[in-house]
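Atom set for the values below is all heavy atoms of this structure, side chains included, hydrogens, waters and symmetry mates excluded. The sequence lines fix the lettering, A, B, ..., with proteins before strands; numbering per chain opens at 1.
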There are 2 protein chains.
Amino acid sequence: MKAMLHAATSGAPDIRARGHCLDCAIRQHAVCSDCSAPELEFLTNLKTYRNYKPGERLLEMGERAPFMGTVVEGVASMSRILPDGRRQVVGLLFPGDLVGRPFSPVSPFDYVSVTDLRVCAFNRPQFEAALRDTPALEQRLLEMTLDELDSAREWMVLLGRKSAQEKLCSFMVMAAQRALRLERRRPMDGILIELPLTREDMADFLGLTIETVSRQIGALKKSGVIELIDARHLLIPSWEALEEAAGGELAAA
Amino acid sequence: MKAMLHAATSGAPDIRARGHCLDCAIRQHAVCSDCSAPELEFLTNLKTYRNYKPGERLLEMGERAPFMGTVVEGVASMSRILPDGRRQVVGLLFPGDLVGRPFSPVSPFDYVSVTDLRVCAFNRPQFEAALRDTPALEQRLLEMTLDELDSAREWMVLLGRKSAQEKLCSFMVMAAQRALRLERRRPMDGILIELPLTREDMADFLGLTIETVSRQIGALKKSGVIELIDARHLLIPSWEALEEAAGGELAAA
DNA sequence: CGGGAATTTGACACTCCTCAACACACGTGG
DNA sequence: CCACGTGTGTTGAGGAGTGTCAAATTCCCG
């Protein structure tokens, strides 16, 4: 819970451009999914890739954000730290999700990589100009933003009203849904879930402490809702039982 | 009240069209703020006004939403109720705010009036067509949605990490900011705040119980951060002290 | 193998919830 | 006019669920 962001904003992440937008594996999930071939051609020439190690800060709350982009590989978090060090994660970014706040030069949250991460990045003014000039881009951004807003509000239900145990189950449901969607698969019994976050990140996402997270995972294991492979991998014998234990109401984000 | 919430969506609220968009007092805050005179002319002919008493449900979670609109007067809430009855308010709608989820025929949340309420309403398909055909409308909607997303995430920080007392103070700060913005005024010492919600709605918005809300308001009064006029009205001797007690980080929404 | 981080476990404290009773304002009808 | 019901808000006693602090354990990687 205490803010332990190890490295300062990295001055020069590993940057290199390669690959063409047409070949992008996650384009269908991204803001550029509805762009025409010529529009993609244009974007291809603007983009650069940025790679990060876990724990690096891509953008800092309250600071100028030099770029925007899309997660290509890995997971990142958006979070805020209160003056006394309490931290709340307000969103997880999976492949296809947008990094940065469009039309605001200053980032309203910290963006931090939680796994090895690759981001398809654009110079901010150029990206915003592209947004203004490309209806396909702007309409898709609107669509994505409306979906994110629904998700954020669902998470508010979790934070405000769910028990620690329900929070953990909801998180597992969400993590599984996000991972499966990328592979165009559906949840089912016996499925394997990877938890991409440390206990600390989970705690900060769920509004709990790491000790409570650890204990509730133990309780879920004992009650048979999950089977632990190791600290980061688990098996779901019954998807329905997991959803039941999550306290209901988790629409696919 | 319980009975009202559980009653079906009111079939025929008080509907009448009057007034012209050009004369609308809250247009500058609404989705139509950037529309040209001809565009407003078009919208004027589509709109109808709907009036509600406190506690009426405008739209129901999971049901077809026949209209969308803008709050003209009063306050409404968006909320979700878990299967076992726990309720979380995920947003408050002040004049200018949008009622309904664009591009989704089904409402993801309950919309309930919390005061006497007037809504400028549009038939959903017509409104969505107008959005698609009117860049000024769509761009403004994107802007508003991005702002709402920032606000929702700030509220997640409150729900996940703030104490009951900090939640109350944050709510007062937010309520004051929203009310003042409509009058183009700034927060200052000695200001009067109206709490438009019942203790129950406040509790459901803050992730607390009504008893805790009541007790914390009492504690704030005793410590001098607020002065109670009556149950719904209070005075802020020091705005800075209130923000301090709110635990920091509340950007104007 | 060694050292630090991540995770788990334990004992205890505290915030906030639960249940219950009470106070108050308001409207209705006898 | 007053008794009554209903919705709203306050107050009190006690307990459940999480947080806090401390230590043990496991994992990871050089």
ask   = Under 3.5 Å, is there an N or O donor on one side and an acceptor on the other linking the side chain of A:Glu211 and the base of D:dC21?
value = yes
remark   = Comparing nearest nucleotides in DNA chain D, the 5'-proximal residue of the pair B:Val213, A:Ser163 is B:Val213
query = Taking CZ from A:Arg86 and C1' from D:dT18, how many angstroms apart are they, rounded to a whole number?
reply = 15 Å
request  = Return the value, rounded to whole Å, for the distance between atom CD of B:Gln216 and atom C1' of D:dT10.
outcome  = 14 Å
query = Regarding B:Ser170 and B:Lys162, is there a side-chain donor-to-acceptor distance under 3.5 Å anywhere?
reply = yes
query = Any side-chain N or O of B:Thr209 under 4.0 Å from OP1/OP2 of C:dC17?
reply = yes
ask   = Among D:dT10, D:dG19, C:dT7, which nucleotide sits nearest the side chain of A:Thr212?
value = D:dG19
note = Of all heavy-atom pairs linking A:Asn51 and A:Glu56, the shortest is O-OE2, 4.4 Å
task = For A:Arg80 and A:Pro108, indicate whether the former's side chain and the latter's backbone hold a donor-acceptor pair under 3.5 Å.
result = yes
inquiry  = Please report the distance, rounded to the nearest Å, between CG in A:Leu228 and P in D:dT26.
reply    = 15 Å
query = Can you check whether B:Arg215 has a side-chain N or O nearer than 4.0 Å to OP1 or OP2 of D:dT11?
reply = no
query = With a non-hydrogen cut-off below 4.0 angstrom, is A:Ile217 in contact with a base, only sugar-phosphate, or nothing?
reply = nothing
task = To the nearest Å, give me how far apart CG (B:Leu220) and P (D:dT10) are.
result = 12 Å
message = I need the CD1-P distance between A:Ile210 and D:dT20, as an integer number of Å.
response = 11 Å
ask   = How many Å lie between CD on B:Glu200 and P on D:dG9, as a whole number?
value = 9 Å
inquiry  = Looking at D:dG9, I'd like to know if its phosphate oxygens (OP1 or OP2) sit under 4.0 Å from a side-chain N or O belonging to B:Arg232.
reply    = yes
remark   = Between A:Arg186 and A:Ile191 the two heavy atoms that sit nearest each other are O-CD1, 4.1 Å
request  = Kindly point out which of D:dT10, C:dC16, C:dT7 is positioned nearest to the side chain of B:Arg199?
outcome  = D:dT10
message = How close do A:Trp155 and A:Phe205 get, counting heavy atoms only, and between which atoms?
response = NE1-O, 3.2 Å
key: Value in whole Å for how far the P atom of D:dG17 lies from CZ of A:Arg161   = 16 Å
ask   = Rounded to whole angstrom units, what separation is found between the NZ atom of B:Lys162 and the P atom of C:dC16?
value = 14 Å
